[in-house]
Amino acid sequence: MKRLIASIGTIFMLATPAIAQTTYTCALKEAGTSKWIPAVLFVGHDPANDRVVISDDIVLTFNNRKPIEGQVVTENNKRVTFSWEVKIKDSRGQTARMQYRATWVKAAKRMNVVATPFGYANGFQGYGSCQVASR
């Protein structure tokens with residue numbers, strides 16, 4: 001797990017030099033066994049430039065080993081919610097778009113993640129803790 005965190009972190013930092021003003025390095029647990037919630041999630045947020053960069057093993061697998069741009073959906077004194085989309089291919093070869101939302105609950109210091117395939121009402125959920133750094 002530490003090797004995975006270091007590898008993804010290195011890719012994230014090399015791919016996004018001097019972009020992120022706040023970074024969230026999160027260890028997540030899925031509430032199920034779908035494998036659509038990443039074990040490790042990196043979010044880089046630069047509010048001054050309205051920029052969000054996401055990296056995890058799912059993004060890197062389906063986006064040619066590159067982080068992906070996201071957006072801020074909600075930001076207030078209680079939480080910040082990020083959103084991004086990943087075009088995926090499942091184990092049967094079917095392609096789909098997966099909508100991700102990650103909410104950092106500031107008081108609880110907890111990240112909640114939901115992945116929902118477009119066209120479906122239900123999705124996959126996970127949660128975890130993050131190391132938050134500002135620069």
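All residue numbers in this chain count up from 1 along the given sequence.
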Indicate yes or no for a side-chain donor-acceptor contact from Glu30 to the backbone of Lys35 under 3.5 Å, with no hydrogens or angles considered. yes
List the atom of Tyr120, the atom of Thr116, and the distance in Å for their closest heavy-atom pair. O-CG2, 3.4 Å
Distance, nearest 0.5 Å, that separates OH of Tyr24 from OG of Ser129: 14.0 Å
Closest heavy-atom pair, Ala102 versus Val113, reported as atoms and distance to 0.1 Å, is CB-CG2, 4.0 Å
Run Phe62 and Lys89 through side chain to side chain contact (heavy atoms under 4.5 Å, CB included) and show every step you take. CA-CA 8 Å; Phe62 294 105; Lys89 184 184 268 190; 4.0 Å; yes
Any side-chain heavy atom of Val114 within less than 4.5 Å of one from Asn112? no
Is it the case that atom CD in Glu75 sees more than 12 heavy atoms from other parts of the structure closer than 6.0 Å? yes
Provide the closest heavy-atom pair for Val73 versus Ser83 in the form atom of the first, atom of the second, distance. CG2-CB, 3.3 Å
Closest non-hydrogen atom pair between Pro117 and Gly123, with its separation: CD-CA, 4.4 Å
Please name the pair of heavy atoms, one in Phe124 and one in Ile37, separated by the smallest distance, quoted to 0.1 Å. O-CD1, 3.6 Å
Rounded to the nearest 0.5 Å, how far apart are CD of Gln125 and OG of Ser34? 10.5 Å
Stepwise, does the side chain to side chain contact (heavy atoms under 4.5 Å, CB included) test hold for Val86 with Asn63? CA-CA 8 Å; Val86 181; Asn63 195 46; 5.9 Å; no
Residues, nucleotides or ligands: over 12 heavy atoms within 6.0 Å of Phe118 CZ: yes
Met111 side, atom CE; Thr103 side, atom OG1 - distance, nearest 0.5 Å: 8.0 Å
When rounded to the nearest 0.5 angstrom, what distance separates NZ in Lys87 from CD1 in Ile68? 9.0 Å
Report the C-alpha distance between Val52 and Val43 in whole Å, list the side-chain angles of each, state the deciding distance to 0.1 Å, and finish with yes or no for side chain to side chain contact (heavy atoms under 4.5 Å, CB included). CA-CA 7 Å; Val52 175; Val43 179; 4.1 Å; yes
Single-linkage hydrophobic cluster, 4.5 Å side-chain cutoff, Leu41 and Ile88 together: yes
So, the side chain of Lys106 versus the backbone of Asn76: is there a donor-acceptor pair under 3.5 Å, distance only? yes
Nearest 0.5 Å please: distance from the OG1 atom of Thr23 over to the NE2 atom of His45. 12.0 Å
Do Trp104 and Val72 belong together in a cluster built from hydrophobic side chains that touch within less than 4.5 Å? yes
Would you call the rings of Trp84 and Tyr100 parallel, tilted or perpendicular if under 30° counts as parallel and over 60° as perpendicular? parallel
Identify the two heavy atoms, one from Gln21 and one from Pro47, that lie closest to each other, and give their separation to 0.1 Å. CB-CD, 4.1 Å
Roughly how far, to the nearest 0.5 Å, is the CZ atom of Phe42 from the CD1 atom of Ile54? 11.5 Å
Cluster question for you: counting only ILVMFWY and a side-chain heavy-atom cut-off of under 4.5 Å, with indirect links fine, are Tyr127 and Met98 together? no
Pairing of Glu69 and Arg51 as salt bridge, 4.0 angstrom limit: yes
Tell me, do Val40 and Asp57 make a side-chain contact under 4.5 Å, heavy atoms counted? no
